[in-house]
Amino acid sequence: MEPRERASRPAGQARFCLLCDSAPGVARAREDPAMNDHDTPFDDLPAEERLFRMRHSAAHVLAEAVLELFPEAKYAIGPPVDNGFYYDFDLPRPLNPDDLVALEARMRVSVERDLVIHGEQIPKAQAREIFKDQPYKLELIEGITDDTVGYFRHGEFHDLCRGGHTERTGQLGAFALDRVAGAYWRGDEKNAMLQRVYGLLFPTAEELEAFRVTREEAEKRDHRRLGRELDLFHLDAISPGSPFYHPKGTVLYNGLIDYMRDLYREYDYSEVITPQLFSADLWKISGHYQNFRDDMFMFEADESEIGVKPMNCPGHCWFFKSGHYSYRDLPLRLAEFTRLHRFERSGVLHGMTRVRSFSQDDAHIYCTPEQFEGEVHRFFEMSQRVYHDLGLGEPLVKLATRPEKFVGEIASWDASERLLGEALTSAGYEYVIAPGEGAFYGPKVEFHVRDAIGRSWQLSTIQIDQAMPTSFGLEYTGADGESHTPMMLHRAILGSLERFIGVYTEHTAGHFPLWLAPVQAVVVPIADRHVEYAELIRTLLKAHRLRVEVDDSNERMGAKIRRAQLQRVPYMLVVGDREQEAEAAAVRDGSGVDLGAMPVTQIIERLAGERDTRALHGAPPVAEG
RNA sequence: GCCGCUGUAGCUCAGUGGUAGAGCAGCUGUUUCGUAAACAGCAGGUCGUGAGUUCGAGUCUCACCGGCGGCUCCA
């Protein structure tokens, strides 16, 4: 039941156009076997198709440049992707940034020449001859079942290609080579590591520039940066992948857990605390020992093998087994927030979004088949509540189906997938299928939510478990007096707290709603003589469980305002002679709006009200110096 | 784990084989100020770690560790 996001995978979102994907079910991009790309004039094509072709042709022009600079280069595949294109190469030496400059310059020569791009179908035998020195192309040719293959060329360059191109190399739009990265041939880590050159491409220079600006904005709200600037958390080499939550970050972490606990009370969940360490026997029963042993922290103690828990489900199953339940006790919804540890491979760690030590808003639901649909609906409803309360948008819903490595019978997988699909439909959701992306023990529904700058993150997930109830021998007594195996659902809404905090920090750019803000208000005394009064205000607000600080530093008011603003404090309470006189404070909100002087009682009412209703202040982030 | 890049003060970054620097943050003092940065001074470093080359290494080489960008993986 792992709600973590996959690393964004441009290729996965690409419309594969090259003859590089022999996987069944991947449709050929071109229906016309003659692949006459130029039936419709380029300028008359829909914008999306034009962009696709520009990016695709740019990949060819890139390969042309690489082959010219490295005549011995072997070229592999180069599709268009989100924001641009890439091409994979096997080169005699690693590329460096200067190479990218040279390659880009060479690409511009091709653009300048405005060469015609020809496409045709040629017999496989001819293709083998043409590409006899190109092992990757030969491998691609062997993967093609047709008698002929697509062959594209412009100038001296030629490529094995399914097509989808501009008419000329002068139609590429605005592009720039971006970076070079490693990538396995055909995405398989057993294969050779190739060098992938990524390029950005947009129809106009303005759009390319806009993309770069957006990317810079995204960097400014990077949770690793904000975590440090807002004193929330940091990661440290002393324990890679294990966050240090600072006091302010701990307020946020506990705030989210408190919120989920409120919902658990409402939705009748039972919170439990189970052990951190379990005998390997438990992991053998659950199947995690066989499937994930290398990704767990295992050690020997007292001559027995112990595993630190990487998830709660086996512990919950053991708990279920330790009691006895009748149908009257179901559904049983076991929730747990204790910390989990996974020995993630070093190269995959990333800020808070991929860590080794984390916690989940995790729960497992044991129910009867009759209760299944209702439970799924309750979960959908609860998830939507959370998204709404946190100011996240409508989710994109995916149904992830049976993976290659799975346990159980195909028939029951099909049944479970059908059940989840029906539950989605009856709840009014449209969804897409994510083939083969289910967990090894069962299919799952994933909710993907877009953040404020358009990135999509997987948050909630609910999964049917077809394996553990049986392997643990779980039973309940039915109304018929007989023993039955319960259905088991894994579910999480926020996913891992760490990942959620990372995503949410970026979504809000650190402007958390007041109920989650580590510091909810800063009192700003104008001069030293106002500090005592400022402390009084803090005391009054503190009595209403508001988190308030007094900035008594030897700074001018402007500097204190600036500091509070940069710290994303929702309210600044300025106090000087006038306010002290009136037993009030001048209120300024986090967006810089001056709300004027308010009596202290009114300030308390406003802030406590905003907290208790979990209001989303909705203040747009202001420009930051 | 794999490919590439990278590591200098808390942060952002200069530093061309020859005595470790700046801005911000911090501390101290002066200033007592009305809505996004007052002024001055002080302090702050085994240049990621360990080897090697060299008369001499922050700088060159190698290994290891961490981080970054990807790939693979993600219960």
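Convention: sequence-line order gives letters A, B, ...; per-chain numbering from 1.
Of the candidates B/rA36, B/rG67, B/rC73, the closest approach to any side-chain atom of A/Arg354 belongs to B/rC73. Nearest nucleotide to the A/Arg345 side chain, out of B/rU35, B/rC74, B/rU72: B/rU72.
Among the atoms of the strands shown, base atoms are found under 4.0 Å from some heavy atom of A/Glu579. Among the protein residues, A/Arg93 comes within range of no part of the nucleic acid, since none of its heavy atoms lies under 4.0 Å from any strand. Contacts of A/Asp188 with the nucleic acid, taken as non-hydrogen atoms under 4.0 Å apart, are absent. Within the nucleic acid shown, A/Gly287 has no heavy atom closer than 4.0 Å to any nucleic acid atom. Using a 4.0 Å heavy-atom criterion, one finds that A/Ala586 contacts the bases of the nucleic acid, with or without backbone contacts as well. Heavy atoms of A/His350 sit under 4.0 angstrom from primed sugar atoms or phosphate atoms, though from no base atom. Looking at heavy-atom distances under 4.0 Å, A/Gly558 makes contact with sugar-phosphate atoms alone, never a base.
The P atoms of B/rU31 and B/rU35 are separated by 22 Å, rounded to the nearest whole Å. Using atom P as the reference point in both B/rU32 and B/rC39, the two lie 15 Å apart (nearest Å). Rounded to whole Å, the C1' atom of B/rA14 lies 27 Å from the corresponding atom of B/rG50. For the C1' atoms, the distance from B/rG26 to B/rG44 is 9 Å, rounded to whole Å. For the C1' atoms, the distance from B/rC2 to B/rU72 is 8 Å, rounded to whole Å. Taking atom P in both B/rG58 and B/rA20, one finds a spacing of 8 Å when rounded to whole Å. Taking atom P on both B/rC11 and B/rC68, the two are 14 Å apart, rounded to the nearest angstrom. On the C1' atoms, B/rG52 is 48 Å away from B/rA40, given to the nearest whole Å.
One can place NE2 of A/His234 at 13 Å from P of B/rC68, the figure rounded to the nearest angstrom. Atom C1' of nucleotide B/rC74 and atom CD of A/Glu404 are separated by 15 Å, given to the nearest angstrom. Between A/Glu437 atom CD and B/rU72 atom C1' there is a gap of 14 Å when expressed in whole angstrom units. Separating the CE atom of A/Met572 from the P atom of B/rU35 is a distance of 14 Å, rounded to the nearest angstrom. Put simply, CG on A/Leu100 is 15 Å from P on B/rG70, counting in whole angstrom units. If you take CD of A/Glu581 and P of B/rG34, they are 18 Å apart, rounded to a whole angstrom. Here the C1' atom of nucleotide B/rG70 and the CZ atom of A/Phe89 are 16 Å apart, to the nearest Å. Nucleotide B/rC73 holds its P atom 11 Å from the NZ atom of A/Lys405, rounded to whole Å.
Checking the phosphate oxygens (OP1, OP2) of B/rU35, no side-chain nitrogen or oxygen of A/Tyr571 falls inside 4.0 Å.
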If you restrict it to nitrogen or oxygen atoms, what contacts under 3.5 Å exist between nucleotides 27-33 of chain B and the protein, and what is each distance?
| from | atom 1 | to | atom 2 | distance (Å) |
| --- | --- | --- | --- | --- |
| B/rU30 | O4 | A/Asn554 | ND2 | 2.3 |
| B/rU31 | N3 | A/Asn554 | OD1 | 2.8 |
| B/rU31 | N3 | A/Asn554 | ND2 | 3.1 |
| B/rU31 | O4 | A/Asn554 | OD1 | 2.8 |
| B/rU31 | O4 | A/Asn554 | ND2 | 2.2 |
| B/rU32 | O2 | A/Asp528 | N | 2.9 |
| B/rU32 | N3 | A/Asp528 | OD1 | 3.2 |
| B/rU32 | N3 | A/Asp528 | OD2 | 2.7 |
| B/rU32 | O4 | A/Asp528 | OD2 | 2.4 |
| B/rC33 | OP2 | A/Arg529 | NH2 | 3.4 |
| B/rC33 | O2 | A/Arg556 | NE | 3.3 |
| B/rC33 | N4 | A/Asn554 | OD1 | 3.3 |

Tabulate protein N/O versus nucleotide N/O from nucleotides 2-12 of chain B, keeping only pairs under 3.5 Å, one per line.
| from | atom 1 | to | atom 2 | distance (Å) |
| --- | --- | --- | --- | --- |
| B/rC2 | O4' | A/Tyr184 | OH | 3.4 |
| B/rC3 | O2 | A/Gly182 | N | 3.2 |
| B/rC11 | O3' | A/Arg228 | NH2 | 3.4 |
| B/rU12 | OP1 | A/Arg228 | NH2 | 3.4 |

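A 6.0 Å sphere centred on CD of A/Glu532 holds no more than 12 heavy atoms belonging to other residues, nucleotides or ligands.
Atom CZ of A/Arg342 sits about 7.5 Å away from atom NE2 of A/His288, to the nearest 0.5 Å. Interatomic distance, CD of A/Gln520 versus CD of A/Glu549, reported as 11.0 Å (0.5 Å rounding). To the nearest 0.5 angstrom, A/Leu536 atom CG is 10.0 Å from A/Leu541 atom CG.
Results of the ring pair (Phe, Tyr, Trp, His ring centres under 6.0 Å) test with A/Trp283 over A/Trp318, A/Tyr289, A/Phe292, A/Phe278 single out A/Phe278 as the only residue that passes. The only member of A/Gln466, A/Glu437, A/Glu417 that meets side-chain contact (heavy atoms from CB on, under 4.5 Å) when paired with A/Arg402 is A/Glu417.
Counting only Watson-Crick and G-U wobble pairs whose two key distances fall under 3.5 Å, RNA chain B forms stems of three or more stacked pairs at B:1-7 with B:65-71, B:10-13 with B:21-24, B:26-30 with B:38-42, B:48-52 with B:60-64.
Taking each heavy atom of A/Leu230 and A/Gly510 in turn, the nearest pair found is CD1-CA, 3.8 Å.
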Task: Test salt bridge (charged side-chain N to carboxylate O under 4.0 Å, His left out) applied to A/Asp178 and A/Arg215, step by step - done: CA-CA 12 Å; A/Asp178 192 34; A/Arg215 190 153 75 175; 2.8 Å; yes
Open item on the list: A/Glu139 vs A/Arg186, test: salt bridge (charged side-chain N to carboxylate O under 4.0 Å, His left out). Steps then yes/no.
Closed with: CA-CA 11 Å; A/Glu139 195 175 326; A/Arg186 296 199 144 179; 3.7 Å; yes
Open item on the list: As a quick check of understanding, evaluate salt bridge (charged side-chain N to carboxylate O under 4.0 Å, His left out) for A/Glu555 and A/Arg562, giving each step before the final call.
Closed with: CA-CA 11 Å; A/Glu555 290 288 349; A/Arg562 178 170 190 273; over 6 Å; no
TODO: For salt bridge (charged side-chain N to carboxylate O under 4.0 Å, His left out), just list the numbers for A/Arg578 and A/Glu581, CA-CA rounded to whole Å, side-chain angles, deciding distance to a tenth of an Å, and then say yes or no.
DONE: CA-CA 5 Å; A/Arg578 295 200 297 265; A/Glu581 184 73 20; over 6 Å; no
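The nearest heavy atom of RNA chain B to A/Phe440 and to A/Leu235 marks one nucleotide each, and the one closer to the 5' end goes with A/Leu235. Each of A/Glu189 and A/Arg179 was assigned the nucleotide of RNA chain B with the nearest heavy atom; the assignment lying further toward the 5' end belongs to A/Arg179.
Side-chain atoms of A/Arg563 and A/Ser553 include a donor-acceptor pair closer than 3.5 Å.
Within the 4.5 Å cutoff, the side chain of A/Asp294 has no heavy atoms near those of the A/Phe343 side chain.
Within the cation-pi definition used here (under 6.0 Å to the ring centroid, within 45° of the axis), A/Lys405 does not qualify as a partner of A/Phe440.
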